[in-house]
Amino acid sequence: MATTRWTCRHAPLALPAALEGELRARYGEPHRAYHDAAHVGELLRWFDVVADAPGAGWCAPREVFAAIVFHDAIYAVGGPAGDNEARSAAWARACAGELAIDGARVAQLIELTARHGKLAATDVAGDADAMHFLDCDLAIVGAEPEAFDRYDAAIRREYASVPDDAYRAGRRAFLASVLAKPRIFFSELFHARLDAAARANLARALARLA
C-alpha cells in the first residue's frame, strides 16, 4: 500500500493520520483493480486542474476534497445498486465533525456517483461543484487510449466473478448509455478537453463487446 499522504497543491484540509489509514486500508482491498488509492490520487490531480482553471474553481473545496477521498471507500462487487455509494456517504457524514465539513453536502456528492450514465444535465444544473466533481470521477473515459484500455481491463478484473456473457451485457449497456448522452461531461472545462477522446474510447470499447 502506498504511504504518501493524499494531498494536492490546493488541498483544503489534511486528513487525520488514523482516518487516512482506515481509508487506505479500504482502498487497498485485494479485489480492487481500478477503484483503489491510485484512483483517489488521480481525482486529486483533477481537483488541482479545476482549481487552476480560469472560470472554474471550487465553491466548497473542503466538501469536494472529502467527497473525493470517501466516494469509493466502500466498494463491494455485486451488492444492491447504490449501496456502495450510500455506505461511503454515511461514513463521510459520520466524520463530518472531525473534518469540519458539511457532511450532508459531501454525502450528496458521493451519492450522485451512483448515477453515472443516468444523470441528465438538469439534475446538476447550476451546481458547479457537482458538475466538476462528477466529471473528475468520469475523466478516465476521456484518457489516452492506453490508459482507458487499462481502466477497462481493470473493471473486468474487479467483476471477475461475473460470467462473461452477463458482464459483457451489463458493461455494454453502461458504456452505450454514456456514449448516447448529448454531453458526456457536465462542465465546459471537461467537455472541451475530453469529449472527443471519450467518444472514441467508448466506441472502441463497445466494438470489442459486440
Side-chain angles (χ1 to χ4, degrees), residues 32-36 38-47 49-50 53 56 64 67-68 71-72 75-86 88 108-210:
R32 296 174 184 251
Y34 174 72
H35 294 90
D36 57 9
H39 173 58
V40 174
E42 181 65 7
L43 264 67
L44 292 178
R45 184 183 73 80
W46 282 111
F47 183 93
V49 171
V50 174
V64 175
I68 287 172
H71 80 288
D72 284 324
Y75 187 73
V77 174
D83 186 59
N84 289 329
E85 294 81 4
S88 297
Q108 178 190 35
L109 290 171
I110 293 170
E111 288 171 350
L112 283 172
T113 65
R115 299 166 62 193
H116 274 314
K118 299 177 183 177
L119 286 168
T122 52
D123 293 321
V124 290
D127 190 342
D129 278 359
M131 289 191 288
H132 285 121
F133 167 67
L134 290 166
D135 285 352
C136 287
D137 195 32
L138 199 61
I140 185 63
V141 303
E144 292 294 323
E146 296 81 4
F148 174 87
D149 289 346
R150 288 194 298 272
Y151 146 76
D152 202 34
I155 296 297
R156 182 63 183 110
R157 292 197 300 275
E158 288 186 342
Y159 284 82
S161 62
V162 178
D164 195 56
D165 286 350
Y167 176 81
R168 291 169 68 88
R171 185 66 173 164
R172 187 164 54 241
F174 171 72
L175 296 178
S177 71
V178 176
L179 183 58
K181 291 167 68 71
R183 283 177 66 110
I184 293 173
F185 300 102
F186 295 108
S187 69
E188 288 298 329
L189 173 64
F190 283 79
H191 175 71
R193 291 193 181 201
L194 301 180
D195 181 79
R199 293 188 184 280
N201 285 331
L202 292 167
R204 190 175 68 257
L206 283 166
R208 289 196 295 259
L209 294 169

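- Considering CG of Asp72 and OH of Tyr34, their distance stands at 8.5 Å, rounded to 0.5 Å.
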Verdict with reasoning, Arg183 to Glu188, per side chain to side chain contact (heavy atoms under 4.5 Å, CB included): CA-CA 10 Å; Arg183 283 177 66 110; Glu188 288 298 329; 3.2 Å; yes
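- For Tyr75 against Glu158, the heavy-atom pair with the smallest separation is OH-OE1, 2.7 Å.
- The shortest distance between side-chain heavy atoms of Arg193 and Asp135 does not fall below 4.5 Å.
- Within the 4.5 Å cutoff, side-chain heavy atoms of Ile184 are placed close to those of Leu202.
- Contact detail for Gly117 and Ser177: the closest heavy-atom pair is O-OG, 3.8 Å.
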Listed pairs under 3.5 Å, donor-acceptor, residues 136-146 side chains, sequence neighbours left out:
| residue | atom | partner | partner atom | Å |
| --- | --- | --- | --- | --- |
| Asp137 | OD1 | His39 | NE2 | 3.1 |
| Asp137 | OD1 | His71 | NE2 | 3.1 |
| Asp137 | OD2 | His116 | NE2 | 2.9 |

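- Side-chain atoms of Leu134 and Arg115, non-hydrogen and from C-beta on, never get closer than 4.5 Å to each other.
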Worked check of salt bridge (charged side-chain N to carboxylate O under 4.0 Å, His left out) between Asp123 and Lys118: CA-CA 10 Å; Asp123 293 321; Lys118 299 177 183 177; over 6 Å; no
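- Minimum interatomic distance between Leu206 and Arg172 (heavy atoms only, all atoms of both residues): CD2-O, 3.5 Å.
- You'll find the side chain of Phe133 stays beyond 4.5 Å of the side chain of Leu112, heavy atoms only.
- Asp152 and Tyr167 make their closest contact through O-OH, 4.2 Å (heavy atoms, listed as atom of the first residue, atom of the second, distance).
- Ring geometry, His132 versus Phe190: the interplanar angle falls from 30° to 60°, so the pair is classed tilted.
- Separating the CG atom in Asn201 from the CG atom in Leu175 is a distance of 10.5 Å, to the nearest 0.5 Å.
- Looking at Lys181, its side chain does come within 3.5 Å of a backbone N or O of Leu119 through a donor-acceptor pair.
- In this structure, Ala130 and Val124 approach most closely via the heavy-atom pair CB-CG1, 4.1 Å.
- Ionic pairing of Asp164 and Arg171 is not present here: no N-O contact between side-chain nitrogen and carboxylate oxygen is shorter than 4.0 angstrom.
- Contact between His35 and Ile155 at its shortest, heavy atoms only, is CE1-CD1, 3.6 Å.
- Taken from CD1 in Ile68 to CZ in Phe47, the straight-line distance is 6.0 Å, to the nearest 0.5 Å.
- Remark: Leu109 CG to Glu111 CD distance equals 10.0 Å, nearest 0.5 Å.
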